[in-house]
Each structure stands twice: as structure tokens, then as C-alpha cells.
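One structure is given below, encoded as C-alpha cells.
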Amino acid sequence: MRTVIAYVIGLLFGLGISISGMANPAKVLNFFDVTGTWDPSLAFVMGGALIVTFFGYRWVLPKPAPILEKSFQVPTNRKLDFKLIGGSAVFGIGWGIAGFCPGGALPVLGTGRIEVVLFTVAMLGGVFASLGMMKLTHKRAQLIDAKRA
Amino acid sequence: METVFTPVQSLGGGALIGLSSVLLMWVFGRIMGATGILVGFFSPSSFSDWHWRATVLAGMITAPLVMLAVTGEFPTVDVPISTPMLLVGGVIVGIGVTYGAGCTSGHGVCGMARLSPRSIVATITFMATTALSVYVVRHVIGA
């Protein structure tokens, strides 16, 4: 049952991405190209997704627990730090260059298109390099703290 | 490259993305963020944690095949970007979403829908830098 539900959820997301145009870099980049070949479609994707999620979450989150798990796993971090803002700024630069965001690219891996595969492999390279870097800086910070103590 | 304005498909597709986000929270209590699901897939906390991520990803990736079976066509994927730019952009996206702890789906849809201050700030930031990046690439460098 878990498997069927999780699969359908992923399928709905993938269909939404595919139908909406989020998987199409030409369309995504045109949304941001207001002074050029502007295509406002992306605002409708974000709008449709936000309206449904906003009201859906208001109905779901007050419940005591999700159906198949013990608790809701919602981020509790409230810090507006450099990591969040710098990371997001960097993500935007890359999105503007490649035209794919992670959620836009993953579903269309299923088309077998080489461009999507190349983007995804490069993106995973960036993810793992960053995770490695974060581990290193975390260890260094712990060492410095240990020396001070 | 011109693209056709598709308000109906985009709104409908967006609503499906929203529906999947609500269902994932309702059933599994999780945020529908492509970055978070993918990172956790490679470093799961348990087998059941890996299992739901792998299954959701399988659903995502088979969506174009379901679309092909129903409509006779794959989703449109026009990539007006050279391979080196695609690779450079991909690496930068990977670094950004890891440090920023989220992308368009996690921050832009789920976090914004929760009115999370972090996600609102993140979304405004990446929407602005994406626009700037597109402007520089298309109109300053002229690629």
C-alpha cells in the first residue's frame, strides 16, 4: 500500500511538471526574459501549485499525524543566514544558465534525453561536492572548538 | 527561442504539483522538495526512509512514459543551451540547492505555502538571481 501511494504521488508530481512546462528549459528561461521572448506561463505553474498546497496544508497540518507515519517532518530552522541566502542566490545563477531546476529535470529523465541526463549528473556532482565540503567545514569547526575548550 | 503562452496547461500542471505536495504531507508527513528527496535517497536514515524516496522518484521518472501512453507524445523539452553551459549550470544548481537547502519545489511551493520566512527569503533570492543570470547570458554576453 505504501509503495502504491508513494508511486502515485511521484507520478502526479511528474505529470504536473511535464504538463505545466517546468521541464522545458526554453519555456522556463523565457519566463525570466521579460525584456526578450517573455512567456508568463511559469507564474501560472507557481500560482496553481501554491494555491493547492496552501489550502491543502491548512487542512492536513493541524491533524495529529500523517496517515502512514508517526509525525510530520517539517523544517523547524528559523535562521535567515548567509548559507540560505548565498545558496539560493547561487542556485538561481545556475538555473538561469541551464534552464533546469531539480524538480523540473528529474521527471523528464524518463524521456531518456541526453541533455537531461547530463544536467542531472552535473547537478549531483555539485550536490555531493557541497555535502563533502559541508562535512569538512563542520569537522574543522569542531576541531577549533575542541582546541579552545 | 519563442515559446507559446500556455496558461491552462501551466495552471493545471501546477495544481497537480500542489496535489502531490499535499498528498505527500498527508500520507507520509514529508515536504515535496526535489532536492530534499534526492539528497535523502543517497543518504537515507533507514530502509523505510529510502523506500518512500525511491518510490516517489520512480513515479516522477515514469510520468513521461505514462504521458506518452495516454497522449502519444513525450512532454516538450527544448534545450536551447550548449552542453558546456548545461554542465556548468548543473554543477552550480547542485551547489546552490545544497547550501540553500531547497529549490523551486521545496522552498518555492511547499515552504511558501507554509509561509516559512526562510523559504520566502530563499524564493525571492533565487527568482531574482535567475532573472539576473538569464539577462546576463542572453542580453549582455548574448549567448
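We use all heavy atoms of the structure for the numbers below, so side chains are in, but hydrogens, waters and symmetry mates are not. We name chains A, B, ... by the order of the sequence lines, and we start the count at 1 in each one.
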TODO: Examine whether an atom of R2(A) lies under 4.5 Å from a heavy atom of chain B, and if so say whether it belongs to the side chain, the backbone or both; otherwise answer neither.
DONE: both

- [ ] Below 4.5 Å from any heavy atom of chain B, which atoms of K83(A) appear? Answer side chain, backbone, both or neither.
- [x] both

Task: E73(B), CD atom: more than 12 neighbouring heavy atoms under 6.0 Å - done: no

Open item on the list: If I measure from the heavy atoms of chain A, does P80(B) come under 4.5 Å with its side chain, its backbone, both, or neither?
Closed with: side chain

Open item on the list: Using heavy-atom distances under 4.5 Å, tell me whether F55(A) contacts chain B through its side chain, its backbone, both, or neither.
Closed with: neither

TODO: Measure S43(B) against the heavy atoms of chain A and call it side chain, backbone, both or neither at under 4.5 Å.
DONE: neither

Task: Aromatic ring proximity F32(A)/Y135(B), centre distance under 6.0 Å - done: no

Open item on the list: Need one label for T6(B): side chain, backbone, both or neither, based on atoms under 4.5 Å from any heavy atom in chain A.
Closed with: both

Task: Derivation of the side-chain contact (heavy atoms from CB on, under 4.5 Å) call for N77(A) and R118(B) - done: CA-CA 8 Å; N77(A) 185 353; R118(B) 269 173 65 84; 3.5 Å; yes

- [ ] Report the C-alpha separation of S21(B) and Y57(A) in whole Å, then their side-chain angles, then the decisive distance to 0.1 Å, and conclude whether the side chain to side chain donor-acceptor pair (under 3.5 Å) test is met.
- [x] CA-CA 9 Å; S21(B) 307; Y57(A) 273 10; 5.4 Å; no

Open item on the list: Could you check whether D78(B) pairs with K27(A) (Lys NZ or Arg NE/NH1/NH2 to Asp/Glu carboxylate O, under 4.0 Å)?
Closed with: no

- [ ] Could you look at A89(A) and say if it's the side chain, the backbone, both or neither that has a heavy atom under 4.5 Å from chain B?
- [x] both

Task: Rounded distance (nearest 0.5 Å) linking atom CE of M60(B) with atom OG of S18(A) - done: 11.0 Å

TODO: Please name the residue in the list V27(B), L23(B), V56(B) that meets the side chain to side chain contact (heavy atoms under 4.5 Å, CB included) test with I5(A).
DONE: V27(B)

- [ ] Side-chain contact test, heavy atoms from C-beta onward, threshold under 4.5 Å: evaluate it for F91(A) versus T130(B) and give yes or no.
- [x] no

Task: Residue part contacting chain B, namely of M46(A), when any heavy atom lies under 4.5 Å - done: side chain

Task: Side-chain touch R114(B)/V74(A), heavy atoms, less than 4.5 angstrom - done: yes

Open item on the list: Heavy-atom cut-off 4.5 Å, strictly under: side chain, backbone, both or neither for V109(B) against chain A?
Closed with: both

Task: Between Y99(B) and F82(A), ring centroids under 6.0 Å - done: no

Task: Trace of the side-chain contact (heavy atoms from CB on, under 4.5 Å) decision for M1(B) with T37(A) - done: CA-CA 7 Å; M1(B) 180 177 192; T37(A) 49; over 6 Å; no

Task: Region of F28(B) that comes under 4.5 Å of a non-hydrogen atom in chain A - done: both

Open item on the list: If we count only N and O atoms by modelled type, under 3.5 Å, do the side chains of N24(A) and T76(B) hold a donor and an acceptor together?
Closed with: no

